[in-house]
Amino acid sequence: MERSITMNEEQRKEQAQIKQEPSVDRQTSQDKPLSEKTTEDFAHYFQTTYEPPDIRKARKRGRDEIEVHYDFDIPKEMQSIGEGKKFLIRTYGCQMNEHDTEVMAGILTEMGYESTSDTNDADIILLNTCAIRENAENKVFGEIGHLKPLKVENPDLIIGVCGCMSQRETVVNRIMKKHPQVDLIFGTHNIHRIPHLIQEAMFSKAQVVEVWSKEGDIIENLPKVRHGKIKAWVNIMYGCDKFCTYCIVPMTRGKERSRRPEDIIQEVRHLAAQGYQEITLLGQNVNAYGKDFVDMDYRFGDLMNDMHKIDIPRVRFTTSHPRDFDDHLIEVLAQGGNLLDHIHLPVQSGSSYVLRKMNRKYTREEYLELVRKIKEAMPNATLTTDIIVGFPNETDEQFEETMTLMEEVGFEAAYTFIYSPREGTPAAAKTDEISMEVKKERLYRLNELVNKQSKESMKNYEGHVVKVLVEGESKKDDQVLAGYTERNKVVNFVGPKSIIGQIVDVKITEAKTWSLNGELVEKTVGVNR
Ligand code: 5AD
Ligand code: SF4
């Protein structure tokens with residue numbers, strides 16, 4: 001295993017690390033007032049920092065360049081730079097981003113910063129952004145606008161934009177052109193560079209931009225400040241090589257890179273020893289775990305088998321891709337124990353035609369066959385999914401196939417989305433005959449069905465005893481405790497605060513659409529639900 005830092009250092013020098021330093025051609029555009037600058041004036045940043053999403057180039061990316069680095073270190077001069085100062089990180093999007101925020105918080109804490117939830121109190125504000133749909137991006141631009149008066153009041157405040165949006169050229173252009181209050185822009189591959197980037201933002205009068213388009217490395221031993229002491233996220237892999245035609249992720253998160261099993265196992269053992277009750281293994285497509293190893297044959301099923309042996313009560317994983325969900329994994333999951341039988345299995349569409357257009361690499365029939373196998377091996381398994389409606393030119397009939405698939409599988413919950421064109425993805429280049437009105441109507445109908453199925457599945461819990469990992473007080477009522485069942489249903493019940501962090505038996509008394517009410521059972525044998 002390589003333990004050098006050369007690749008990152010070279011990348012950094014060669015194609016990254018650009019800030020607004022005067023140079024001959026930059027000087028001309030810098031002389032103009034910001035409002036008069038055009039995209040071309042900013043284009044030079046990307047000559048060295050960034051390549052816009054290019055599906056053809058991305059598809060060619062190699063498998064053999066992954067290096068693992070174990071030597072993360074904060075430079076001496078930055079180790080106490082945050083003393084007496086506070087940071088705030090606002091997170092948008094998926095669990096991957098939430099976990100990245102934990103890492104960034106870890107790094108900032110090691111630099112002496114303390115966290116705050118009050119923007120007026122913060123010396124550094126980072127927006128950890130999501131690019132998956134247009135409305136996610138719009139929210140961030142709204143927030144960037146809201147932060148402007150703070151910067152005017154306190155010019156020493158550092159405002160940074162990071163996460164998936166900062167991997168997009170148009171976004172970085174727009175920030176540089178229209179939002180001078182942003183001091184720092186860095187990408188998803190640059191998190192470990194935060195100490196250096198902050199240093200530069202502090203001492204430079206110009207925006208600091210560092211976005212690496214070429215990824216390939218895994219940085220271990222990054223500090224983390226985890227959210228709570230009960231549940232923890234553990235990255236098992238980064239990136240995605242599936243290239244679904246609607247999805248920006250393969251461009252913003254880079255190619256698939258798996259962490260070495262020994263590093264994951266060590267992290268999970270450590271969490272178990274600290275008393276964590278539940279871990280969620282994270283990746284854009286966890287089923288592709290290990291495909292990139294050139295020196296061993298060790299896949300997601302093997303990893304889950306190793307997780308099964310670790311003394312931690314609950315192990316979850318997200319997100320799965322049906323294509324890579326193999327028989328070995330099903331066999332391993334069927335062992336049960338700490339491997340929970342809730343599987344989130346995004347289907348996206350019920351039409352084989354649309355699935356092909358989406359480049360999902362499976363048909364409706366293959367998906368149903370996979371579901372059949374899972375249910376056969378794990379009769380108690382509960383399935384949830386993601387669905388996109390209104391993919392370009394999706395016909396009424398094709399949408400109806402999604403509706404029937406929803407019923408046929410009997411999903412207990414689904415995240416549903418209207419297709420959002422993402423610049424740089426193949427689907428975004430298609431003309432689309434379907435109006436937004438029709439798409440909204442479809443979404444409405446689908447959501448009605450999702451709610452109905454969720455409600456029905458919840459009803460089945462009434463009268464049963466479930467195991468609940470108690471996470472804390474309910475947000476609505478501090479007399480009520482709240483936690484999650486093995487199948488990830490929220491349960492509210494009255495109980496002593498002393499059981500927070502424990503797994504307890506709760507008898508369900510009332511089912512709602514998205515949550516359950518229950519009564520604590522002092523000593524009952526739990527049913528696996
Ligand atoms: N438009 C709408 N939904 C999308 N998703 C991914 N890309 C898009 C897009 N361009 C959805 C998929 C994925 C989930 C995380 O987000 O359903 O599974
Ligand atoms: Fe995007 Fe998921 Fe498809 Fe990867 S598998 S391209 S992350 S939808």
Side-chain angles (χ1 to χ4, degrees), residues 53-55 58-59 61 92-98 129-139 163-165 167-168 170 188 215 235-258 282-289 291-292 300 317-325 343-351 354-362 367 383-394 399 402 405-406 411 413-430 432 434 436 439-440 442-443 446-447 450:
D54 182 332
I55 193 99
R59 277 181 196 280
R61 50 203 187 197
Y92 302 80
C94 65
Q95 288 154 324
M96 200 69 100
N97 264 18
E98 300 238 13
T129 63
C130 170
I132 201 132
R133 281 170 290 275
E134 195 182 353
N135 58 2
E137 292 198 352
N138 290 343
K139 267 193 226 158
C164 287
M165 274 171 74
Q167 295 290 136
R168 289 165 48 75
T170 46
T188 53
E215 71 301 324
N235 271 129
I236 63 164
M237 61 184 301
Y238 305 94
C240 180
D241 282 347
K242 277 284 174 278
F243 297 105
C244 301
T245 54
Y246 51 81
C247 187
I248 195 72
V249 168
M251 272 74 86
T252 61
R253 290 271 172 183
K255 72 176 177 185
E256 283 171 0
R257 288 101 73 209
S258 304
L282 286 183
Q284 303 294 344
N285 168 12
V286 289
N287 307 85
Y289 176 79
K291 272 182 149 182
D292 54 317
F300 189 53
F317 56 93
T318 196
T319 272
S320 281
H321 191 296
R323 169 76 189 200
D324 294 314
F325 210 110
I343 297 171
H344 186 66
L345 194 62
V347 65
Q348 312 299 359
S349 166
S351 150
V354 174
L355 288 170
R356 183 149 49 83
K357 294 282 169 203
M358 288 177 163
N359 192 31
R360 290 293 288 178
K361 301 185 171 86
Y362 55 84
Y367 185 89
L383 289 165
T384 56
T385 198
D386 291 352
I387 294 173
I388 296 176
V389 303
F391 186 76
N393 306 314
E394 180 191 54
F399 170 67
T402 297
L405 184 101
M406 181 76 210
F411 292 116
Y415 295 99
T416 56
F417 311 100
I418 291 183
Y419 166 73
S420 170
R422 307 283 59 216
E423 196 189 340
T425 61
K430 295 264 180 294
D432 187 359
I434 313 297
M436 187 45 89
K439 295 183 186 203
K440 283 187 177 159
R442 287 180 188 167
L443 183 72
L446 178 61
N447 284 345
V450 173

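Both backbone and side-chain heavy atoms feed into the values below; hydrogens, waters and symmetry mates do not. Here the structure is a predicted model, which is why all the values come from computation and not from measurement. All ligand and atom numbering here is 1-based and tracks the order in the structure.
Taking a cut-off of under 4.0 Å to the non-hydrogen atoms of Y419, the atoms of ligand 1 that pass are 1 (N), 2 (C). Of all atoms in ligand 1, listed by their number and element, those nearer than 4.0 Å to a heavy atom of R422 are 10 (N). Close contacts of ligand 2 with H321, meaning ligand atoms under 4.0 Å from a residue heavy atom, involve 5 (S).
Counting heavy atoms under 4.0 Å from ligand 1, residue I248 does not touch it at all. Contacts of P250 with ligand 2, taken as heavy-atom pairs under 4.0 Å, involve the side chain alone. Proximity of I388 to ligand 1, defined as any heavy-atom pair under 4.0 Å, is confined to the side chain (atoms from C-beta onward). Only the side chain of V249 comes within 4.0 Å of ligand 2, counting heavy atoms alone; its backbone N, CA, C and O stay farther away. When heavy-atom distances to ligand 1 are checked against a 4.0 Å cut-off, Y246 comes that close through both its backbone and its side chain.
Counting all heavy atoms, side chain and backbone alike, V450 lies closest to A414 at CG1-N, 3.7 Å.
The distance criterion of under 3.5 Å between nitrogen or oxygen atoms is met by D386 with respect to ligand 1.
Ranking the protein heavy atoms by distance from atom 1 (N) of ligand 1 puts S420 N, 2.9 Å first. Here the heavy atom of the protein found nearest to atom 3 (N) of ligand 1 is R133 NH1, 3.1 Å. Of the protein's non-hydrogen atoms, the one nearest atom 1 (Fe) of ligand 2 is C247 SG, 2.2 Å. With respect to atom 8 (S) of ligand 2, the closest heavy atom belonging to the protein is Y246 OH, 3.3 Å. Of the protein's non-hydrogen atoms, the one nearest atom 17 (O) of ligand 1 is Q348 OE1, 2.6 Å.
Checking side-chain atoms of N359 against main-chain N and O of T245 turns up no donor-acceptor pair under 3.5 Å. With R323 contributing its side chain and R360 its backbone, the two residues share no donor-acceptor pair below 3.5 Å. Panel note: side chain N97, backbone Y92; a donor-acceptor pair is recorded below 3.5 Å.
Within the 4.0 Å heavy-atom cutoff, I418 counts among the residues contacting ligand 1. Heavy atoms of R360 approach ligand 2 to within less than 4.0 angstrom.
A salt bridge does not link D292 to K255: none of the charged nitrogens lies less than 4.0 Å from a carboxylate oxygen. Salt-bridge formation is detected for the pair K291/D324: a Lys NZ or Arg NE/NH1/NH2 atom is positioned less than 4.0 Å from an Asp or Glu carboxylate oxygen. Electrostatic pairing of D432 and K439 counts as a salt bridge here, judged by a charged N lying under 4.0 Å from a carboxylate O. Of the charged side-chain nitrogens involved, at least one lies within less than 4.0 Å of a carboxylate oxygen, so that E137 and R168 count as a salt-bridged pair.
For the residues C94, C244, S320, C240, the heavy atom positioned nearest atom 4 (Fe) of ligand 2 is part of C240. When the options R253, Q284, M358, K361 are ranked by their closest heavy atom to atom 2 (Fe) of ligand 2, first place goes to Q284.
Ring orientation note: the planes of Y362 and Y367 are tilted relative to one another, at an angle of 30° to 60°.
Figure legend: cation-pi geometry between R133 and F417, with NZ or CZ positioned under 6.0 Å from the six-membered ring centre and within 45° of its axis.
Aromatic rings of H344 and F317 (six-membered ring for Trp) have centroids beyond the 6.0 Å cut-off, not under it.
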